[in-house]
Amino acid sequence: MNRLELVQLLEQIEAAYPGKLKLNEKTVELWFRHLANQDYKRTLHKLDKHIERSPFPPTLHELRETERNEHNKSYLSKMDEWEAQASGPPKRSR
């Protein structure tokens with residue numbers, strides 16, 4: 001997300017929740033620091049869903065896309081490695 005997209009997002013929050021967000025340079029800087037690596041369209045979709053269900057403005061945490069393990073390629077590689085190292089089913093003792 002670029003800075004212009006972030007400002008548009010913050011303006012939408014302000015429009016949906018009048019007087020609940022201080023739209024100033026410090027707010028833009030803080031939100032940009034935490035949302036710059038987020039996809040704008042996905043974040044906007046999360047905002048739309050939030051507006052539908054909540055009378056309160058969203059927090060940064062609620063709009064951030066959290067990385068899930070299944071999206072982390074290194075985690076999947078590690079799982080493949082574990083599977084390759086697995087010795088198979090337990091051996092029966094006699």
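Atom-to-atom distance recorded for Leu21:CG and Glu11:CD is 10.5 Å, nearest 0.5 angstrom. Atom OG1 of Thr43 and atom CD of Glu62 lie 13.0 Å apart (nearest 0.5 Å). Interatomic distance, NZ of Lys22 versus OG1 of Thr27, reported as 8.0 Å (0.5 Å rounding). To the nearest 0.5 Å, atoms NZ (Lys46) and CZ (Arg64) are separated by 9.0 Å.
Formation of a donor-acceptor pair under 3.5 Å by the Arg3 side chain with backbone atoms of Phe32 is not found in this model. Remark: the backbone N or O of Glu65 is paired with a side-chain donor or acceptor of Gln38 at under 3.5 angstrom. Between the Gln12 side chain and the Leu9 main chain, no donor and acceptor come within less than 3.5 Å of each other.
For the pair Trp31 and Thr59, the tightest heavy-atom approach, listed with the atom from each and the gap, is CH2-C, 4.2 Å. Heavy-atom minimum distance, Tyr40 versus Gln8: OH-OE1, 3.6 Å. For Leu60 against His34, the heavy-atom pair with the smallest separation is CD1-CD2, 3.9 Å.
Residues meeting the side chain to side chain contact (heavy atoms under 4.5 Å, CB included) test with Ile51, sequence neighbours left out: Ala16, Tyr17, Leu47. Taking the salt bridge (charged side-chain N to carboxylate O under 4.0 Å, His left out) definition, one finds that Lys20 meets it with nothing, sequence neighbours left out.
Counting non-hydrogen atoms of neighbouring residues, nucleotides and ligands closer than 6.0 angstrom, the NE2 atom of His45 reaches no more than 12 such neighbours.
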